[in-house]
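To start, the structure itself, in structure tokens.
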Amino acid sequence: MSPKRRRSRAAVPWPVAGALVALALAAAAGLPALFPFLGRLESHLVDLRLATLTPAAEERDDVVLVAVTEGTLAQPDLAYRSPVDRGQLALWVEALVRAEPRALVLDMFFDQRTEEEKDERLRAVLAGASVPMVVAWGEQETSVEEPRRWLDRLARLVARQPPATGSAGGLTEQQAAFQEAFLPDNVIRAHADLVTDGAGVVRWVPAAKTTGDGGPLPSLAAAAATAAGAAPPPGELEIAYRGNYRQHPTYGFRVYEAHMVPFLPADWFAGRVVIVGAGLPWTDRHRTPFSAAGGAAATLPGALVHSHALAQILDGRSAPRAGLPLALAATLVLVVAGLGIAAIDRSWPLKTVLVALVAAGFLVGGFALYQRAGLMLPLVTPIVGLATAYGLTAAYTSRRNLAQKREIRRAFGHYLAPEVVSQLEEEPERLELGGEERELTYVFTDIAGFTSLSEKLAREGRPDTLVELLNEYLDGMCAIILEHRGTIDKFIGDATVSVFNAPEPQTDHAELAVRCALGLDRFAQGFSERQQEAGLEFGITRIGVHTGRAVIGNFGGRKRFDYTAIGDTVNTAARLEGANKYFGTRVAVSGDTVARCTGIEFRPVGEPVLKGRSEQLTVYEPLAEGALEPDAVAGYLAAYERLQRGDADALGAFRDLAARYPDDRLIAMHLERLERGESGPRIVLKGK
């Protein structure tokens, strides 16, 4: 088979490939929903890149944090830890207002009384503030609010997002009333909710909420941005965290302890958005993507999380996620890679290693892409697509190859040697199902007088004897053909047709065929003698062998596999088989076959013109080792040479041979021809 026509046995038809790609893409999109651990793994890989590869953030000059720390709570002027002493808080807020910040944000809830004098002092400071004031606002749980919260939870469940956290929702009626009375009208109310993923990592700031009286309640970050003159995006905000802990512990934000505010220069706060909140180790802390780095960055204060969101809005940045087209393209590339690897004609262990290498390379590339270009490409979804495409294609090709092997074994198991069948199972591309022209050697056998024998047994009421006899004979013949690596093409009654050099290429196919013919002749002669001794008139088997070009392949369609050849080669072999009757031989081999044999002795028969052919064909009889005496062979060759030259003494030479070897029917055939006045090797046959 020429290389250009060789096809990989693992090749996948285009329609099937398209369906497999579609299924793999659907699986890549749907499996993370069915198996949440895949989504968590994707998030963890995002976090790992953020925590380890995000470049150090430059220190901001427009957002400042004021943190209530352990050092603050240790001050002698603070009599208790929670809530924060409102007298001291009033001092800090008053100092900040005097500094004229761009906006002042209090990430604190005021839903309960403390000391009345201190409460009033703080309220007065808030009411008299000359700068925009944003304060965290909690909501009262009501019978009307409860269904809305359940709807929100249901929506987040569908979106595979857990409920919002960090909310002060669920205030009692008394708490809600105090909060309403405490905060003056000039204060901008905002919710401090944050949204986590399934692993409890804060990733989103929810959109504006609706208060009990129907008014909008923006997030702290959105309200602070609006107060600072920036337009926050509508809807939920995915936080684009900046910097990383190892390179900057405060992620580029200036952080001052609250109790130090009255002593700090006013211009450190002037014109900036100042966020006041807890900076305590166990209060209002949240897991963020930087938790993947562990250590001190395991959790961040809520005020710092809101600062990240605010900075993002002020900068107009979005989370570094690849867009849907790029994510789909990456997934498609890996899906096609998985399909392609599964389809190549290599061992499954090697292909599995290749898939693992592609997945590992994609992971490394994803990290490098974020490090160099800041692009957060999804990693798990494409790799799921890669694995799914590989698995689906492997299942398809394995199932198809198994069916192909079953078909090959069904078609050839009884007609080829087991090792040849196994080779075809492993290399089915050797079979050109559409037909292939190649040089073949055909062996045709037939039993003389078998029709008469079968009719006689039928008349005697012995059909079982006929069946057993023929099966035993054909079993022996087939065993010899397979032993010589021949392919059994077909049975025609008692006749066998076998071919060499197909489907397995055989450089010595002609010699194999002749040696097979000699083996068949030995078996058939012995079988005939045994049957005659048993009283059955079993005739001799005649054999014809011819080499020529023919088209061999699957004819009759894929539903019914019939591997055979079309051409004159098999017809010529059949004509040679029949010509044995005229020659007096049992095996007749064409000169085309003899020219390709070495190590086998032949004697020429003649140059007959077979029926159906216009040109004469040189024919030989193969000689088994020890079948004739050397003198008999030499004498025949000398007489035949005279016959070829047309010498008049050819007749005398064959008469002498006939007298010495009266049982040699080939010698007798030539003697009869010469006595009839014929001359030369050309023989015109009337029958087949």
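Keep in mind that this is a model prediction, so the values were computed, not measured. We're numbering straight along the sequence, starting at 1.
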query = Is the backbone N or O of Arg485 less than 3.5 Å from a side-chain atom of Gln506, with the two atoms forming a donor-acceptor pair by type?
reply = yes
The residue among Asp649, Asp647, Asp656 that forms salt bridge (Lys or Arg N to Asp or Glu O under 4.0 Å) with Arg642 is Asp649
| request: Evaluate the side chain to side chain contact (heavy atoms under 4.5 Å, CB included) criterion for residues Leu453 and Ile447: first the C-alpha distance (whole Å), next the side-chain angles of each, then the deciding distance (0.1 Å), finally the verdict. | output: CA-CA 10 Å; Leu453 175 61; Ile447 304 172; over 6 Å; no
Residues passing the salt bridge (Lys or Arg N to Asp or Glu O under 4.0 Å) test with Arg682, sequence neighbours excluded, are none
message = Measuring only between side-chain heavy atoms, which start at C-beta, is Tyr390 closer than 4.5 Å to Leu354?
response = no
On a heavy-atom basis, the closest approach of Pro604 and Tyr620 is CA-CD2, 3.5 Å
Could you please spell out the steps behind the side chain to side chain contact (heavy atoms under 4.5 Å, CB included) verdict for Leu657 and Asp664? CA-CA 9 Å; Leu657 286 173; Asp664 193 322; over 6 Å; no
For Ala343, is there any backbone N or O sitting under 3.5 Å from a side-chain donor or acceptor partner on Thr393?
no
Donor-acceptor pair, Thr331 side chain versus Ala327 backbone, under 3.5 Å? yes
ask   = Relative to the ring of Tyr636, is the ring of His670 parallel (under 30°), tilted (30 to 60°) or perpendicular (over 60°)?
value = tilted
Is the count of non-hydrogen atoms from other residues, nucleotides or ligands lying under 6.0 Å from Gln644 atom CD greater than 12? yes
Those residues at least two apart in sequence (or on a different chain) that pass side chain to side chain contact (heavy atoms under 4.5 Å, CB included) with Leu369 are Ala373, Leu375, Leu377
**OP:** Go through the steps to decide whether Val21 and Leu332 satisfy the test side chain to side chain contact (heavy atoms under 4.5 Å, CB included), and finish with yes or no.
**Re:** CA-CA 8 Å; Val21 167; Leu332 181 60; 3.7 Å; yes
Step through the shown structure and confirm whether more than 12 heavy atoms of other residues, nucleotides or ligands are within 6.0 Å of CZ on Arg372.
no
(message) If we ignore hydrogens and angles and just use 3.5 Å, is the side chain of Ser398 paired with the main-chain N or O of Ala395 as donor and acceptor?
(response) no
Main-chain N/O of Gly680 paired with Arg673 side-chain donor or acceptor, under 3.5 Å: yes
Tested for side chain to side chain donor-acceptor pair (under 3.5 Å) against Tyr473, the lone hit among Asp494, Thr496, Thr541 is Thr541
Check: When you look at Tyr661 and Asp631, which way does the side chain to side chain contact (heavy atoms under 4.5 Å, CB included) test go after all the steps?
Finding: CA-CA 11 Å; Tyr661 306 106; Asp631 290 343; 4.0 Å; yes
### Query
Can you find a heavy atom in the side chain of Val443 that is under 4.5 Å from one in the side chain of Val499?
no
Closest non-hydrogen atoms of Gly519 and Ile480, given as atom of the first, atom of the second and distance, are O-CD1, 3.5 Å
Note: Val12 and Val16 closest approach over all heavy atoms is CG1-CG1, 3.7 Å
Self-check item: Any donor-acceptor pair under 3.5 Å from Lys351 side chain to Ala342 backbone
Solution: yes
Closest non-hydrogen atoms of Ala517 and Val587, given as atom of the first, atom of the second and distance, are CB-CG1, 4.1 Å
Please step through side-chain hydrogen bond (donor to acceptor under 3.5 Å, both in side chains) for the pair Glu511 and Thr598, ending with a clear verdict.
CA-CA 7 Å; Glu511 186 167 337; Thr598 59; 3.3 Å; yes
_Side-chain heavy atoms of Ile481 within contact of Cys516, under 4.5 Å_ = yes
For Ala448 and Arg542 the tightest heavy-atom approach is CB-NH1, 3.4 Å
Is the shortest heavy-atom distance from the side chain of Tyr582 to the side chain of Val605 under 4.5 Å?
no
With sequence neighbours left out, the residues meeting side chain to side chain contact (heavy atoms under 4.5 Å, CB included) with Ala550 are Leu440, Ala565, Thr569
When every non-hydrogen atom of Leu334 is compared with those of Leu386, the smallest separation belongs to O-CD1, 3.2 Å
- Query: Should Leu617 and Leu576 count as side-chain neighbours, where that means a heavy-atom distance under 4.5 Å?
  - Reply: yes
So CD1 of Ile543 and CG of Asn580: to nearest 0.5 Å the spacing works out to 8.0 Å
Distance col, row Glu436:CD vs Ile552:CD1, nearest 0.5 angstrom, shows 8.5 Å
Value for CZ (Phe654) from CG (Leu666), rounded to nearest 0.5 Å, stands at 7.5 Å
>> Any heavy-atom pair between the side chains of Leu628 and Arg603 that's under 4.5 Å?
In response: yes
Asn501 side chain vs Glu439 backbone, donor-acceptor pair below 3.5 Å: yes
*Does the side chain of Leu363 reach to within under 4.5 Å of the side chain of Leu45, using non-hydrogen atoms?*
yes
Next on the checklist: Are more than 12 heavy atoms, taken from residues, nucleotides or ligands other than Arg549, located less than 6.0 Å from that residue's CZ atom?
Outcome noted: yes
* Can you establish whether the number of heavy atoms outside Glu460 located under 6.0 Å from its atom CD is more than 12? => yes
Exercise. Between Glu42 and Leu379, is any pair of side-chain heavy atoms under 4.5 Å apart?
Worked result: yes
Separation between CD1 (Ile683) and CD (Glu678), nearest 0.5 Å, reads 8.0 Å
Between the CZ atom in Phe538 and the CG atom in Leu470, the distance rounded to the nearest 0.5 Å is 7.5 Å
dist Thr593:OG1 -> His509:NE2 (nearest 0.5 Å) comes out at 8.5 Å
